Amino acid sequence: MKWLALLGLIAIASAQSRFSVQSSNGDFKLQATDGSVVTLDKNVFRATLISRGGQVYAASKAQGLELFAGRAVVEASSADGKQASVRSATGTGGVRVVKTGGGGRSEMTGATATYKPSGNTATLTVTGSVRLANSNSKASQDVVATGSGLTALLDASNNDRPLRAATLGGPVKVQARQAAVGGQKAGNLLVTGNRLVYDNTGAQAKLTISGGVKMNGLQSGLSFSGSVGTVVLYLNSANEVVRTDFNGGAR
């Protein structure tokens, strides 16, 4: 395994018939039951990971990235073996992508996933029936959304909010927590529609749900429900809804 020495990586075969490739500091790791690793350049390699039962695993701590899949192809670079990083990754056969950073966590599941970093950001495309759960910090609530097909913009490191923006196709369902106001108990909100756009690039994150929107919820002790064209939910630092805008659309 001359390529391992060239890349400064370590190969470990376990008693459970799983093969592991990892950097010397353990921050980068690949695990599978079958597969291959091919050197593409002096410091670049491509790993094909296959699982006979269970899932393959790829992780880069510096990028705050974990990928679980039935099968994956990962292209990575390693200048000295201590700080290997993912250049691209594709997972199939049922996938789960976990992105962490700045104390927050985003988890996305679907049929397939493609991850590609570029500069300070990375794009993630997830196909099939998608579930997205996002929190901005350890103390924040999860906003959970389901839909069909996801395109997301992620932070490429593990230092900032993991999810910067996302678009989720319909039918979509969004579950969020209403912030407690004026001594009232916090409530829950359920919104359905045909499309979700999540924007976390500004000071306040917001979710825009459009197309045949229906919502039910409780806020400040008041229950509300209705059918409108568009709903925009504004979130505080704890990922709770603090403002709801709605538009009835064309009449």
Side-chain angles (χ1 to χ4, degrees), residues 1-118 121-128 130-131 133 138 152 154-160 162-163:
M1 296 183 183
K2 186 177 180 180
W3 57 270
L4 286 171
L6 290 173
L7 296 169
L9 301 175
I10 303 169
I12 302 171
S14 72
Q16 290 75 32
S17 299
R18 290 184 66 84
F19 192 81
S20 176
V21 176
Q22 65 183 48
S23 57
S24 58
N25 63 3
D27 285 354
F28 177 88
K29 183 178 293 186
L30 305 174
Q31 290 182 335
T33 56
D34 300 275
S36 64
V37 181
V38 179
T39 302
L40 303 179
D41 203 346
K42 180 180 180 181
N43 298 316
V44 180
F45 66 95
R46 179 187 296 124
T48 300
L49 310 173
I50 304 169
S51 177
R52 289 179 288 143
Q55 290 187 306
V56 303
Y57 177 69
S60 172
K61 186 176 180 180
Q63 294 167 291
L65 177 70
E66 291 181 288
L67 170 66
F68 304 82
R71 179 188 177 100
V73 177
V74 179
E75 186 174 304
S77 60
S78 174
D80 55 9
K82 296 180 180 180
Q83 194 62 61
S85 61
V86 175
R87 292 159 55 106
S88 67
T90 300
T92 58
V95 300
R96 179 164 67 97
V97 179
V98 179
K99 181 70 179 72
T100 56
R105 185 179 190 274
S106 295
E107 180 176 315
M108 294 137 285
T109 61
T112 71
T114 301
Y115 172 86
K116 180 67 175 178
S118 177
T121 61
T123 56
L124 175 70
T125 302
V126 184
T127 67
V130 176
R131 181 182 186 273
K138 292 179 180 180
L154 309 176
D155 181 65
S157 69
N158 65 351
N159 299 318
D160 204 350
L163 180 63

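Every value quoted in this text rests on a predicted model; they were computed, and no experiment measured them.
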Q: State, to 0.1 Å, how close P162 and G101 come at their nearest heavy-atom pair, and which atoms those are.
A: CD-O, 3.3 Å

Q) For the residue pair L67 and V97, what are the closest heavy atoms and their distance? A) CD1-CG2, 3.8 Å

Q | Donor-acceptor pair, side chain of E66 and main chain of T100, under 3.5 angstrom | A | no

Q. How long is the gap from OG1 on T123 to OH on Y115, to the nearest 0.5 Å?
A. 8.5 Å

Q. Could you walk me through whether T48 and R71 pass the side-chain contact (heavy atoms from CB on, under 4.5 Å) check?
A. CA-CA 8 Å; T48 300; R71 179 188 177 100; 3.7 Å; yes

Q. Does the T127 side chain pair with the main chain of G110, one donor and one acceptor, at a distance under 3.5 Å?
A. no

Q: Check D27, V86, L154 against Q63 for a side chain to side chain contact (heavy atoms under 4.5 Å, CB included) and give me the one that passes.
A: V86

Q: Evaluate the side-chain contact (heavy atoms from CB on, under 4.5 Å) criterion for residues L163 and K99: first the C-alpha distance (whole Å), next the side-chain angles of each, then the deciding distance (0.1 Å), finally the verdict.
A: CA-CA 8 Å; L163 180 63; K99 181 70 179 72; over 6 Å; no

Q: Return yes if some donor-acceptor pair links the side-chain N/O of S23 with the main-chain N/O of F28 below 3.5 Å, else return no.
A: yes

Q | Pairwise distance OG(S51) to CD(Q31) - rounded to 0.5 angstrom | A | 10.5 Å

Q. Measuring from F19:CZ to L30:CG, what's the distance to the nearest 0.5 Å?
A. 10.0 Å

Q: Determine the minimum heavy-atom distance between S88 and K116, stating which atoms define it.
A: CB-CD, 4.0 Å

Q | Nearest atoms (heavy-atom pairs only) where T112 meets T92 | A | CG2-CG2, 4.0 Å

**Q.** Smallest separation among heavy atoms of P117 and A122, with atom names
**A.** CA-CB, 3.5 Å

Q: Search all heavy atoms of A84 against all heavy atoms of S60 and return the closest pair with its distance.
A: O-OG, 4.0 Å

Q. When rounded to the nearest 0.5 angstrom, what distance separates OG in S20 from OH in Y57?
A. 10.0 Å

(Q) To the closest 0.5 Å, what do you measure between CZ (R131) and CE (M108)? (A) 11.5 Å

Q: State the OG1-CZ distance between T109 and F68, to the nearest 0.5 angstrom.
A: 12.0 Å

Q. Quick check: does any side chain N or O of K29 sit under 3.5 Å from a backbone N or O of K61, one acting as donor and the other as acceptor?
A. no

